[in-house]
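For reference, the structure discussed in these notes is given below.
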Amino acid sequence: MSAPRLRTTPLPGIGVQYDLVTREQRHLSVVAHRDGARTLSVYSADDPDSCAQSLRLTVAEAGSLIDALMPSHHSASLLYTTDLGLVAERVEVAATSRWNGRVLGDTRMRTETGASIVAVLRRAEAIPSPAPDFRLAGGDTLIVIGTREGVDSAAAILGRE
C-alpha cells in the first residue's frame, strides 16, 4: 500500500492548509493558522467538497491531539519520564491568567514547586531557558519539568486567574 499523499496549500494572511484523502476516500483537512491554532475539517463521504464538520483547536488542544495520535507515553500532556521520577509537561498560560503580562520570576515557580520552566512556546517560536525577567503572555505554552507533584503545583499556579 502506498503512503497517503498530503497536499499543502498556502493561505495568504491565514496560514497553510493540509489536505489528506484516506484509504476509505474520506477527505480531511487541517488549517494551520499563523497564530498557532488549528482548524480540523472532515468532509462528507458522499460529497468530498462539502464540509461535514469543522473544529477549531487552540495550540494546546492541537498539541494534545498530536499526543493522542502519536502516543509516546501514557498521559496526554506528559512529554518524557525518567527513572528519576521527573516529568515534563506543556502548561498553557490563559489570556485571563494573572500571569499574563507579568515576568516569569514573579511566579516564584522553582521556589514554590521545585519545578523548572525550561522553554516557552509562543506562536511558532520556541524560547529555551527563559530568564526570570521573561514577560509571559496569554497563549504561551510553558514546558515545565519536575516531580509529578511539582509539575501539578506549577500548573495550578499558572492556571490562577
Side-chain angles (χ1 to χ4, degrees), residues 1-82 86-101 104 107 115-130 134-146 148 151-152 154-161:
M1 175 166 61
S2 64
R5 184 151 187 250
L6 190 65
R7 187 179 70 206
T8 304
T9 307
L11 302 173
I14 297 170
V16 178
Q17 180 170 328
Y18 300 92
D19 290 284
L20 173 74
V21 176
T22 69
R23 181 182 52 179
E24 287 122 10
Q25 298 304 303
R26 295 298 308 267
H27 178 194
L28 307 172
S29 77
V30 175
V31 174
H33 297 271
R34 290 174 37 192
D35 66 359
R38 301 290 189 261
T39 300
L40 176 62
S41 299
V42 179
Y43 294 81
S44 297
D46 57 345
D47 181 0
D49 294 324
S50 176
C51 185
Q53 184 73 39
S54 185
L55 179 64
R56 186 167 171 106
L57 303 172
T58 66
V59 173
E61 291 165 343
S64 293
L65 181 58
I66 289 166
D67 287 344
L69 292 171
M70 296 293 292
S72 60
H73 48 72
H74 300 291
S75 168
S77 58
L78 183 65
L79 298 174
Y80 185 71
T81 303
T82 70
L86 298 177
V87 297
E89 289 194 13
R90 295 179 179 107
V91 179
E92 185 173 357
V93 176
T96 57
S97 171
R98 71 182 288 190
W99 306 112
N100 184 5
L104 181 58
T107 67
S116 297
I117 297 170
V118 298
V120 176
L121 308 177
R122 181 176 285 168
R123 296 185 188 96
E125 181 182 9
I127 299 114
S129 303
F134 178 83
R135 194 160 302 279
L136 298 169
D140 283 352
T141 299
L142 283 55
I143 306 300
V144 183
I145 295 181
R148 169 84 274 148
V151 170
D152 288 346
I157 289 170
L158 291 166
R160 291 184 189 148
E161 296 182 9

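Below, all heavy atoms of this structure are taken into account, side chains as well, without hydrogens, waters or symmetry copies. Note that this is a predicted model, so its numbers are computed, not measured.
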Report the distance from atom CD of Gln53 to atom CG of Leu40, rounding to the nearest 0.5 Å.
-> 9.0 Å

If you measure from OG on Ser41 to CG on Leu28, what distance do you get to the nearest 0.5 Å?
-> 9.0 Å

side-chain contact (heavy atoms from CB on, under 4.5 Å) against Val120, all qualifying residues, sequence neighbours excluded = Ile117, Ile127, Pro130, Phe134, Asp140, Leu142

Any residue meeting side-chain hydrogen bond (donor to acceptor under 3.5 Å, both in side chains) with Ser29, in chain and number order, not counting sequence neighbours = Tyr43

Could you tell me the separation between the CG atom of Leu55 and the CZ atom of Arg38, rounded to the nearest 0.5 Å?
-> 13.5 Å

What is the minimum heavy-atom distance between Gly146 and Val151, and which atoms define it?
-> N-CG2, 3.5 Å

Approximate separation, where rounding is to 0.5 Å, of Ser129 OG and Ile143 CD1 = 12.0 Å

Closest heavy-atom pair and its distance - Val93, Asn100 = CG1-N, 4.4 Å

Atom OG1 of Thr141 and atom CD of Glu89: how far apart are they, to the nearest 0.5 Å?
-> 12.5 Å

Which residues pass the side-chain hydrogen bond (donor to acceptor under 3.5 Å, both in side chains) test with His33, sequence neighbours left out?
-> Thr39, Arg56

Could you grab the distance from atom OG of Ser44 to atom NE2 of His27, nearest 0.5 Å is fine?
-> 11.5 Å

Measure across Glu92 and Ala60 and return the closest heavy-atom pair with its distance rounded to 0.1 Å.
-> OE1-CB, 2.9 Å

